[in-house]
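First the structure, then my questions, so here it is.
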There are 4 protein chains.
Amino acid sequence: MKNKKSQYEIFREKVKIILYGTNTILGRMFDLVLLGLILLSVLLIMLDTVQDISSKYHYQLWICEWVITAFFTIEYVLRIISIQKPVKYIFSFYGIIDLLAVLPMYLSIFFPGASILSIVRALRFFRLFKILHIPQISHQSFQLKEAIEASKEKILVFIYFVLISTVIIGSIMYLVEGKESGFTSIPMGIYWTIVTLTTVGYGDISPQTPLGQFIAALVMILGYGIIAVPTGIVTAEFAKKSLRDITVSTKNSCQICGSQLHFDNAKFCHECGSELHH
Amino acid sequence: MKNKKSQYEIFREKVKIILYGTNTILGRMFDLVLLGLILLSVLLIMLDTVQDISSKYHYQLWICEWVITAFFTIEYVLRIISIQKPVKYIFSFYGIIDLLAVLPMYLSIFFPGASILSIVRALRFFRLFKILHIPQISHQSFQLKEAIEASKEKILVFIYFVLISTVIIGSIMYLVEGKESGFTSIPMGIYWTIVTLTTVGYGDISPQTPLGQFIAALVMILGYGIIAVPTGIVTAEFAKKSLRDITVSTKNSCQICGSQLHFDNAKFCHECGSELHH
Amino acid sequence: MKNKKSQYEIFREKVKIILYGTNTILGRMFDLVLLGLILLSVLLIMLDTVQDISSKYHYQLWICEWVITAFFTIEYVLRIISIQKPVKYIFSFYGIIDLLAVLPMYLSIFFPGASILSIVRALRFFRLFKILHIPQISHQSFQLKEAIEASKEKILVFIYFVLISTVIIGSIMYLVEGKESGFTSIPMGIYWTIVTLTTVGYGDISPQTPLGQFIAALVMILGYGIIAVPTGIVTAEFAKKSLRDITVSTKNSCQICGSQLHFDNAKFCHECGSELHH
Amino acid sequence: MKNKKSQYEIFREKVKIILYGTNTILGRMFDLVLLGLILLSVLLIMLDTVQDISSKYHYQLWICEWVITAFFTIEYVLRIISIQKPVKYIFSFYGIIDLLAVLPMYLSIFFPGASILSIVRALRFFRLFKILHIPQISHQSFQLKEAIEASKEKILVFIYFVLISTVIIGSIMYLVEGKESGFTSIPMGIYWTIVTLTTVGYGDISPQTPLGQFIAALVMILGYGIIAVPTGIVTAEFAKKSLRDITVSTKNSCQICGSQLHFDNAKFCHECGSELHH
């Protein structure tokens with residue numbers, strides 16, 4: 001019995017290395033196969049919604065999706081079995097996505113049409129960076145994340161003010177244009193305002209009266225100035241990060257106190273005063 | 001008599017703390033309830049303009065709006081009563097908005113349809129920052145305001161030149177395209193130019209002749225370069241503010257070697273290693 | 001005889017001060033009246049092209065335009081008479097615009113419809129800055145001009161590459177989509193590409209085939225990255241100018257050698273080494 | 001025989017100078033003629049696809065194209081003959097383009113319609129910078145290239161995340177809107193999402209249901225914040241390059257007080273006033 005358990009233990013460890021590891025050749029190969037399957041699966045689900053393709057190859061697509069789902073299910077079960085703390089994995093971000101990636105197909109047995117929800121598998125792509133583990137790209141995506149995070153608050157404050165403005169502008173346009181021009185309600189007016197301020201401009205609703213067009217022109221010019229604001233916020237964050245690279249460097253860290261940021265040519269640590277050895 | 005007046009005094013003071021204060025629990029709770037009511041009220045007015053909802057629930061919506069208006073009216077009266085200088089409040093920005101928030105409903109008794117103007121209540125949201133009093137957000141919104149203010153003049157000069165250009169381009173398009181393509185007048189041509197230069201592009205009017213399309217392409221490429229200008233202005237202001245935070249400061253110069261540029265929190269001169277005395 | 005000539009001289013000088021001067025009250029008032037007339041004139045020409053207004057008030061508008069034209073003609077003649085070097089004025093930028101502002105009305109006697117060209121009067125607005133002579137605004141418009149000029153070359157190089165790309169993309173779309181989707185020729189394909197790359201997106205022509213839509217999506221994502229380039233160019237120029245203000249100041253100029261740029265807290269001139277006195 | 005070969009050698013050398021050289025007058029003139037011919041050729045191919053022009057002047061255009069093709073063919077052959085390492089040229093970027101520029105016309109003998117592929121000649125314009133050899137423009141285009149290259153990785157990471165988001169948003173819109181609004185499949189939903197996120201906004205497909213319009217508004221506001229990211233990335237790169245030019249340098253440190261930051265052309269230390277020795 002002990003022997004068998006030990007074999008099971010070895011099996012678990014092997015599986016864990018393949019599923020979670022990215023350093024062994026087998027683990028890396030598995031990751032690439034997984035990525036390929038996710039890509040294939042997402043493409044299949046997409047194509048299944050195209051009338052022409054679906055009517056001809058629905059059965060073939062249906063089989064492929066089940067095969068991939070079976071593979072993902074086995075993978076999910078193995079991930080739970082092989083890991084030390086399965087509960088933590090199950091309720092982690094990727095654990096939930098892994099479950100959501102297989103659930104819809106099983107639901108489709110009872111509710112036909114639910115299979116389309118499998119598209120959520122696309123979220124598994126987010127793991128790509130972890131999997132590929134290219135330091136340079138990880139660094140870039142970290143910088144991106146950092147800059148976006150730093151500007152998040154300012155952008156939220158900005159969007160708050162923009163939203164209040166859209167309510168006011170949307171109401172004015174509803175009153176000015178009326179139902180004939182497609183401004184059937186205030187929410188519709190707000191929708192139009194957002195479409196215009198963001199410079200998307202579908203043209204499904206557009207002002208028809210001279211006054212409405214005059215106000216619309218003002219809104220556009222306002223939007224012209226306004227679109228600069230989030231750009232300015234994000235850019236300033238990026239510039240901050242980029243400039244830090246050229247003015248100060250982390251190359252000559254202090255060997256006494258560990259302080260890292262100094263001018264490129266600093267001779268003494270500005271924290272503890274000890275000499276820096278390049 | 002004196003006792004009664006004193007009671008009225010106490011009442012006034014209590015009301016003032018609740019209405020204007022943001023530090024007591026009661027004052028804060030009142031603010032949150034008020035915010036909720038404004039949000040509810042704005043949503044109700046919006047929904048009342050949607051045909052499907054209005055035809056079914058018009059009566060219920062109408063009652064709700066009157067209840068909220070009554071609440072806002074009482075609040076407005078109490079605000080006047082409880083404050084020391086009521087005249088100053090009445091003619092302040094928020095005082096006027098508070099009045100405008102209740103007036104339309106009373107006007108709607110005589111002029112049905114005026115109730116829609118209650119949407120101006122959305123402006124009361126601007127008070128949110130004051131109410132919530134989150135230092136970090138206040139700081140962000142202050143920075144936003146400062147950067148926009150600093151770039152206001154440059155943007156106005158820029159828009160002045162853009163507007164002159166739209167008159168010229170709009171007239172050319174009117175002459176080239178003529179009435180068949182929707183360019184029915186010079187103001188229409190200017191409207192089209194603004195729609196195009198701001199990259200909104202509804203497509204309700206678009207050039208049909210080859211020459212018109214050629215000029216339109218030129219205008220778009222012009223707009224391409226031009227949209228960069230307000231962005232550049234605002235971004236430079238943000239960058240200025242952001243960089244000021246991270247750039248090294250010249251306040252704590254080294255008293256031994258005279259070196260001036262150090263990090264804000266440097267303890268030792270990074271040139272000669274001697275201690276810095278702030 | 002001599003006396004009369006002298007009177008003419010005095011008249012010329014007076015006229016010159018009123019027309020060209022911006023410092024006397026009379027000269028300033030004349031400028032403001034002129035600005036008002038230009039604005040009125042441009043509005044009248046615009047309104048005359050609006051069917052509804054033109055059919056009712058054409059005669060009144062026609063008279064107003066002639067009165068203003070008469071005024072502008074007298075002004076033009078006086079400008080030539082009063083100035084020392086009339087030829088230089090006549091062939092200067094503003095001299096030509098002043099002539100173009102009156103010519104169309106006289107041409108309209110022989111060619112009805114030419115009166116619309118009077119819209120060129122809008123260009124006289126460019127003189128506003130000169131006239132108003134507000135130092136701060138002049139400074140802002142100078143900074144704008146400088147930043148745009150500095151980035152002109154880079155933007156031209158960029159547009160050159162974009163134009164080559166539009167030829168290639170436009171041809172591909174013409175081949176893929178064909179005449180049914182509105183891509184009737186390669187120039188039309190190029191027009192569509194410019195409309196898409198600049199994110200204007202009228203929607204008068206839009207791809208209908210799956211392959212065409214796929215390529216269009218690629219073009220949009222390309223345009224997404226590309227639109228950042230002119231913005232980046234202009235912004236960097238603005239940032240350069242803005243940052244120069246905060247890092248070095250021109251306040252403590254050297255009294256010995258006249259060198260102007262120093263760090264805000266520089267104690268010695270970095271040019272001649274003499275002490276700086278704040 | 002030897003003499004003849006020598007003549008051939010002289011001919012080869014002369015041809016090489018004309019074709020590849022940009023310093024001799026003859027070489028420069030040839031380059032300008034070539035540029036003119038490429039421009040003419042591209043215009044002719046474009047015009048040939050315009051119905052009105054093609055139906056009238058097809059024969060004339062056809063002859064012109066053959067003449068230009070003949071010229072390009074001779075040029076191509078001479079380029080191969082005159083160069084030392086013809087194989088290297090043939091498989092170089094410009095070598096392949098030169099071949100592609102003539103091939104389609106010969107193919108059109110067997111496959112009518114292939115002549116349109118000659119539009120690939122537009123790529124020969126890329127050589128313009130090499131040909132014109134204006135140092136300033138080369139410098140600008142180099143800076144552009146460098147900034148775009150430096151931001152390439154960050155933008156790719158960004159687009160990767162945007163693409164995953166478009167799959168999710170596109171699927172939601174497909175489920176919410178359904179086939180009536182034009183969201184006929186998930187790929188169509190993704191196409192709509194890209195059109196909206198990039199603010200192109202054709203309006204060929206636009207949400208019709210209230211829920212769909214609500215989600216669309218959210219997507220637009222998201223796109224509003226998102227469009228700032230590539231701009232921020234590119235701008236930071238440009239700013240980095242621009243600022244490096246104006247920022248003070250640390251190369252000429254003061255040998256007396258050790259102060260390091262000075263203007264590039266400072267002659268004296270701005271701290272202690274002692275002379276700087278470069």
Side-chain angles (χ1 to χ4, degrees), chain A residues 42 45-51 54 116-117 119-120 122-123 125-126 128-129 136-137 140-141 143-144 147-148 151 155 159 162-163 166 187-188 190-191 194-195 197-204 227 230-243 245-247 263-267, chain D residues 153-154 156-158 160-161 163-165 167-168 170-172 174-175 179 184-190 195-196 198-208 210 213-214 216-217 220-221 223-229 231-237 239-240 243-244 247 250-251 253 258 260-261:
Chain A
V42 167
I45 299 162
M46 277 188 198
L47 290 177
D48 202 15
T49 65
V50 180
Q51 203 72 52
S54 179
I116 217 170
L117 298 173
I119 198 79
V120 85
L123 290 175
F125 277 122
F126 283 132
L128 177 68
F129 291 128
Q136 207 172 9
I137 286 189
Q140 303 284 17
S141 81
Q143 273 198 314
L144 259 175
I148 291 167
S151 41
I155 286 181
I159 284 175
V162 169
L163 282 182
T166 59
M188 208 62 163
I190 294 171
Y191 171 68
I194 293 174
V195 168
L197 267 185
T198 56
T199 78
V200 171
Y202 286 134
D204 51 349
I227 206 156
T231 307
I233 295 167
V234 175
T235 304
E237 287 304 325
F238 274 113
K240 217 157 119 176
K241 286 191 175 23
S242 288
L243 289 174
D245 296 350
I246 60 155
T247 50
F263 281 111
D264 276 341
N265 52 354
K267 291 186 195 105
Chain D
E153 264 172 24
K154 273 206 201 73
L156 282 180
V157 170
F158 171 71
Y160 179 79
F161 282 110
L163 282 182
I164 297 178
S165 309
V167 172
I168 303 297
S171 304
I172 292 172
Y174 166 71
L175 290 172
K179 303 189 192 259
T184 51
S185 64
I186 290 183
M188 208 61 163
I190 294 172
V195 168
T196 300
T198 56
T199 78
V200 171
Y202 287 134
D204 51 349
I205 317 162
S206 64
Q208 304 298 331
Q213 291 177 331
F214 179 73
M220 282 171 225
I221 289 168
Y224 210 50
I226 266 182
I227 205 156
V229 175
T231 307
I233 294 166
V234 175
T235 304
E237 287 304 324
K240 218 157 118 175
L243 290 174
R244 205 179 294 174
T247 45
T250 56
K251 277 176 193 162
S253 61
Q260 290 239 341
L261 273 153

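In what follows, chains carry the letters A, B, and so on, assigned in the order in which the sequence lines appear, proteins first and then strands, with residues in each chain numbered from 1. Hydrogens, waters and symmetry mates are skipped; everything else that's a heavy atom, side chains included, is used.
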Using a 4.5 angstrom heavy-atom cutoff, name the option from D:V200, D:T196, D:I190 with the most pairs to chain A. D:T196
Please classify the contact between A:I159 and chain D as side chain, backbone, both or neither, with a heavy-atom cut-off of under 4.5 Å. side chain
Show the numbers, then the answer: is there a side-chain contact (heavy atoms from CB on, under 4.5 Å) between A:Y191 and D:F214? CA-CA 7 Å; A:Y191 171 68; D:F214 179 73; over 6 Å; no
Hey, does A:I194 have a side-chain heavy atom less than 4.5 Å from the side chain of D:I221? yes
Nearest heavy-atom contact between D:P207 and A:D204 is O-OD2, 4.5 Å
Verify side-chain contact (heavy atoms from CB on, under 4.5 Å) between D:I186 and A:I116, making sure each step is shown before the conclusion. CA-CA 9 Å; D:I186 290 183; A:I116 217 170; 4.1 Å; yes
List the atom of A:Y202, the atom of D:I205, and the distance in Å for their closest heavy-atom pair. CE2-O, 4.3 Å
Which atoms form the tightest heavy-atom contact between A:F125 and D:Y160, and what is the distance? O-OH, 2.9 Å
If you apply the rule side-chain contact (heavy atoms from CB on, under 4.5 Å), what do you find for A:V195 with D:M220, and how did you get there? CA-CA 7 Å; A:V195 168; D:M220 282 171 225; 3.5 Å; yes
Chain A interface, residue from D:T235, D:I164, D:V229 that has the most non-hydrogen pairs under 4.5 Å: D:I164
With a 4.5 angstrom heavy-atom cut-off, could you sort out which part of D:L175 is near chain A: side chain, backbone, both or neither? side chain
D:M188 vs A:T49, side-chain contact (heavy atoms from CB on, under 4.5 Å): CA-CA, chis, key distance, verdict: CA-CA 10 Å; D:M188 208 61 163; A:T49 65; over 6 Å; no
Minimal heavy-atom distance between A:T198 and D:T199, with the atoms involved, is O-CG2, 3.5 Å
Toward chain A, the part of D:T184 with a non-hydrogen atom under 4.5 Å: backbone
